Chemist: 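Just dropping this structure here.
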Amino acid sequence: TLNRDCVAIIIAAGETKAPVVAAAVQSEKSVLHPATALQVLPNARFYVTVAAASLLSAREYERLSRFEEIPAREQDQILVDLAVKQQKGILELTEQDFQADAFARLLAAKTRRPVAELVQSVHERLRTAIARGSQVLTKTCFLHTEPHHDDIMLGYLPSIVRHVREPSNTHHFITLTSGFNAVTNAYLSYKLKKLAPRLGSPDFLGLNAENYFAPDDETGRQRDVWQFLDGVAAKRPRMIEEGFCRRLLRDLFRVYGKQELDAFRGNIHDLVEYLDNEYPGKKDPEHIQRLKGKCREWEAECLWGYLGWNCSHVKHLRLGFYTGDIFTEEPTQERDVPPILQALTEVNPDIITVALDPEGSGPDTHYKVLQAITAAVQKYVKQTGRKDLKIWGYRNVWYRFHPAEANLYVPVSLNMFAIMENAFLNTFVSQRDASFPSYAHDGPFCELAQSIQVEQYQTLKTCLGRRWFHEHPSPMMRAARGMVFLKEMALEEFFAISRELQKKTESL
């Protein structure tokens, strides 16, 4: 029983809290929404992020009312939401539809423009975003960045595949953290048990005699990947195991130092004993963290090997703020920014991609990586004088863009979905049963990414009309069954967004 005189303070952050917050504030008191019990408390307070408050209609209406002229982004959001609500194309929205919706009514009153003119301008902006997302750039150097090793592929793989097909483009991929927290004890134990019997095999003894397993041998590292992918193509598990066992032994050499192969039997036995008996979630010793991190790095190299890129184009920065602690450190200018700056200097990119989530949403690592990248890009621009860099912001399974927030819509076909699923399940094997699954889907992340992209396509199909897609002159558009949303930014816009996120996050 709640006492009317008590004080209740509720802090909510992130998109996942938005329905709970909205129900608690806007619904009638009901056991279906337990938080509505807080409505009777005169001293109850919600402290919420923008994402958590996104479904509070009165609050959003009040915010929009303060504009002298509602910006184009908000205009797009109002009319896209109205079209979806009415299940009509944007051009089919009528004066009556506007008058029946408080936000559309406000928009018409603020802009003093005819309904036909408003819907036409939003319709054109959506079409322009699709046209821009369908273009393939040429002679462009991409630096793809990700906090975790599967963030890029779950966020915008279709765009990468399309740009890889253009041979004049160059791609570099950097992962900012080690990612060891995402590897289970059971998975690393499984790989070690596959390696143990091979230590005395003629193949491994012969390769070791040739110094094949030297940790820094780039040719050998690449051969590991090709061996693995040959096995995937042939559907031969022994070839696949041969590839990942070669890399695992190479990684053991890196962690323990080069030894005779027989000497590693004891190391493997001790590792398996630890992994099979410790409880999940315990902070691992440093050498276990390193081995788990290398499992993730191997997976990323295999993924980009799918598209023909060598290990030399895949870098693992392992920023120091990422630890196994419950509360991790903030990135620092001295430790975490220089590796990113060095990568920028070496690659000299034209386009940099970044995970761009709002405050209080997605893994905390995404925000910290964004701040480190921002600082590095600022230093890079100051050193080189380059002002022509473009930033592509992406989101994946943890948060998603509203169509009004993005300006590049990339069509995704059924064929592209098949590529994503095949690549994810064959390369990110550690994530088939993820340590940190999403609340939204009980299954591999590639299925969740596909469902999000399908939902985004359905929104645009409603807004533009079925016939716009099905009768489009381009077969690529007719084949589209999903959409990836990206936000292209000039440098100043990117810096401003990053500063605003920092301000909001640090004031929570």
Side-chain angles (χ1 to χ4, degrees), residues 126-138 140-146 148-173 299-300 302-309 313-314 351-356 390-403 405-428 431 441 444-461 464 469 472 474-488:
L126 296 182
R127 291 180 58 181
T128 298
I130 294 176
R132 294 184 67 231
S134 303
Q135 292 175 349
V136 177
L137 303 177
T138 61
T140 302
C141 180
F142 291 84
L143 178 60
H144 305 276
T145 77
E146 56 185 348
H148 308 95
H149 296 79
D150 52 4
D151 282 330
I152 290 174
M153 84 160 306
L154 295 171
Y156 64 103
L157 182 67
S159 177
I160 295 177
V161 172
R162 195 161 290 140
H163 282 95
V164 162
R165 291 170 178 164
E166 167 52 54
S168 67
N169 292 330
T170 304
H171 298 263
H172 298 265
F173 308 88
E299 291 174 336
C302 289
L303 170 66
W304 303 124
Y306 252 69
L307 302 183
W309 294 101
H313 283 251
V314 186
I351 292 175
I352 304 168
T353 69
V354 297
L356 190 69
K390 296 292 184 184
I391 310 296
W392 284 6
Y394 66 90
R395 292 174 182 170
N396 51 36
V397 298
W398 302 110
Y399 204 79
R400 62 197 74 177
F401 285 115
H402 187 283
E405 296 177 286
N407 52 21
L408 298 175
Y409 303 162
V410 182
V412 186
S413 66
L414 285 170
N415 180 53
M416 197 70 76
F417 283 137
I419 291 173
M420 179 171 65
E421 181 177 21
N422 182 278
F424 185 88
L425 294 179
N426 280 310
T427 59
F428 290 105
Q431 300 306 295
H441 182 71
F445 283 134
C446 58
E447 294 178 359
L448 178 55
Q450 178 171 334
S451 70
I452 290 170
Q453 293 167 22
V454 168
E455 181 182 324
Q456 292 174 167
Y457 163 74
Q458 291 293 339
T459 296
L460 292 180
K461 191 171 79 166
L464 297 177
F469 285 96
H472 199 281
S474 167
M476 178 178 65
M477 211 62 65
R478 297 196 299 271
R481 294 298 177 270
M483 281 285 172
V484 164
F485 291 165
L486 299 170
K487 181 177 179 61
E488 182 179 273

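Keep in mind it's a predicted model, so treat the numbers as computed, not measured.
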Chemist: Carefully, step by step, assess Phe173 and Leu307 under the rule side chain to side chain contact (heavy atoms under 4.5 Å, CB included).
Modeler: CA-CA 12 Å; Phe173 308 88; Leu307 302 183; 5.6 Å; no
Chemist: Please walk me through it: do Val161 and Met416 pass side chain to side chain contact (heavy atoms under 4.5 Å, CB included)?
Modeler: CA-CA 9 Å; Val161 172; Met416 197 70 76; 3.9 Å; yes
Chemist: What are the two closest non-hydrogen atoms of Pro403 and Thr459, and how far apart are they?
Modeler: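 In terms of heavy atoms, the two residues are closest at CG-CG2, 4.0 Å.
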Chemist: Kindly give the heavy-atom pair with the smallest separation between Met476 and Ser134, and that separation in Å.
Modeler: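 Closest approach of Met476 to Ser134: CE-CB, 3.3 Å.
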Chemist: Quick one: are Leu137 and His163 in side-chain contact, heavy atoms under 4.5 Å?
Modeler: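 Yes; the side chains approach each other to less than 4.5 Å.
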Chemist: Nearest 0.5 Å, please: how far is OG in Ser474 from CD1 in Ile130?
Modeler: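 So the gap between those two atoms works out to 11.0 Å.
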Chemist: Is there a donor-acceptor pair closer than 3.5 Å between any side-chain N or O of Asn426 and the backbone N or O of Asn422?
Modeler: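 Looks like yes, one N/O pair under 3.5 Å.
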Chemist: Using side-chain hydrogen bond (donor to acceptor under 3.5 Å, both in side chains), reason through Tyr394 and Asp151 one step at a time and then give a plain yes or no.
Modeler: CA-CA 9 Å; Tyr394 66 90; Asp151 282 330; 5.1 Å; no
Chemist: Compare all side-chain heavy atoms of Leu460 with those of Phe469 and state whether any distance is below 4.5 angstrom.
Modeler: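 Yes - at least one pair of side-chain heavy atoms lies under 4.5 Å apart.
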Chemist: ring-ring contact (aromatic ring centres under 6.0 Å, His included), that's the test. Do Tyr156 and Trp392 meet it? Break it down for me.
Modeler: CA-CA 10 Å; Tyr156 64 103; Trp392 284 6; 7.4 Å; no
Chemist: State whether the side chain of Thr140 and the backbone N or O of Thr138 hold a donor-acceptor pair below 3.5 Å, judged by distance alone.
Modeler: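 Between the backbone of Thr138 and the side chain of Thr140 there is a qualifying donor-acceptor contact (under 3.5 Å).
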Chemist: Is the backbone of Val164 close enough, under 3.5 Å, to the side chain of Asn169 for a donor and an acceptor to pair up by distance?
Modeler: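 Pair absent, no side-chain N/O of Asn169 close to backbone of Val164.
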Chemist: Measuring from atom CG of Leu143 to atom CD1 of Ile391, what distance do you get when rounded to the nearest 0.5 angstrom?
Modeler: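 Taking CG in Leu143 and CD1 in Ile391, the distance rounds to 9.0 Å.
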Chemist: Do Lys487 and Glu405 have side-chain heavy atoms sitting under 4.5 Å apart?
Modeler: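 With C-beta onward as the side chain, the pair stays apart.
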Chemist: Quick check: closest heavy atoms across Val410 and Gly133, and the distance to 0.1 Å?
Modeler: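 Closest heavy-atom pair between Val410 and Gly133: CG2-O, 3.8 Å.
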Chemist: Minimum heavy-atom separation for Val397 and Ala449, please, with both atom names.
Modeler: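 Closest approach of Val397 to Ala449: CG1-N, 3.9 Å.
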Chemist: Mind checking the CG-CG spacing from Asn396 to Leu448? Nearest 0.5 Å is all I need.
Modeler: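 Separation between the atoms: 9.0 Å.
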Chemist: Side chains of Glu146 and Met153: does their closest heavy-atom pair fall under 4.5 Å?
Modeler: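 They are not in side-chain contact.
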Chemist: State, yes or no, whether a side-chain contact exists between Val484 and Ser159 at a heavy-atom distance under 4.5 Å.
Modeler: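 The answer is no, as the side chains (C-beta and beyond) never meet within the 4.5 Å cut-off.
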Chemist: Evaluate the criterion side chain to side chain contact (heavy atoms under 4.5 Å, CB included) for residue pair His313 and Trp304; output intermediate values, then yes/no.
Modeler: CA-CA 9 Å; His313 283 251; Trp304 303 124; over 6 Å; no
Chemist: Main chain of Thr353, side chain of Thr145: is a donor-acceptor contact present, judged purely on distance under 3.5 Å?
Modeler: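 Looks like yes, one N/O pair under 3.5 Å.
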Chemist: Do the two ring centres, one from His171 and one from Trp309, sit under 6.0 Å apart?
Modeler: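 Here the rings of Trp309 and His171 have centres that are less than 6.0 Å from each other.
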Chemist: Can you classify the ring geometry of Phe142 versus His144 as parallel (below 30°), tilted (30 to 60°) or perpendicular (above 60°)?
Modeler: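 Answer is parallel, since the angle falls under 30°.
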Chemist: Angle class for the Phe424/Phe428 ring planes (parallel below 30°, perpendicular above 60°, tilted otherwise)?
Modeler: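 Because their plane-to-plane angle lies in the 30° to 60° range, the rings of Phe424 and Phe428 count as tilted.
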Chemist: Any side-chain heavy-atom pair from Met483 and Pro411 closer than 4.5 angstrom?
Modeler: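 In contact.
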Chemist: Between Arg132 (side chain only) and Asn407 (backbone N and O only), is there a donor and an acceptor less than 3.5 Å apart?
Modeler: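 Pair found, side chain donor or acceptor close to backbone of Asn407.
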Chemist: Shortest non-hydrogen contact from Gln453 to Gly155?
Modeler: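 Where Gln453 meets Gly155 most closely, the heavy atoms are NE2-O, 4.3 Å.
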Chemist: Can you tell me how far apart CG (Leu486) and CD1 (Ile351) are? Round to the nearest 0.5 Å.
Modeler: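 Going from the CG atom of Leu486 to the CD1 atom of Ile351 covers 10.0 Å.
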Chemist: Any side-chain heavy-atom pair from Arg481 and Tyr457 closer than 4.5 angstrom?
Modeler: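 Of all side-chain heavy-atom pairs linking Tyr457 with Arg481, at least one is under 4.5 Å.
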Chemist: Do Gln456 and Tyr409 come within less than 4.5 Å of each other through their side chains, counting heavy atoms only?
Modeler: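 When only atoms from C-beta onward are counted, Tyr409 and Gln456 do not touch, as no gap falls below 4.5 Å.
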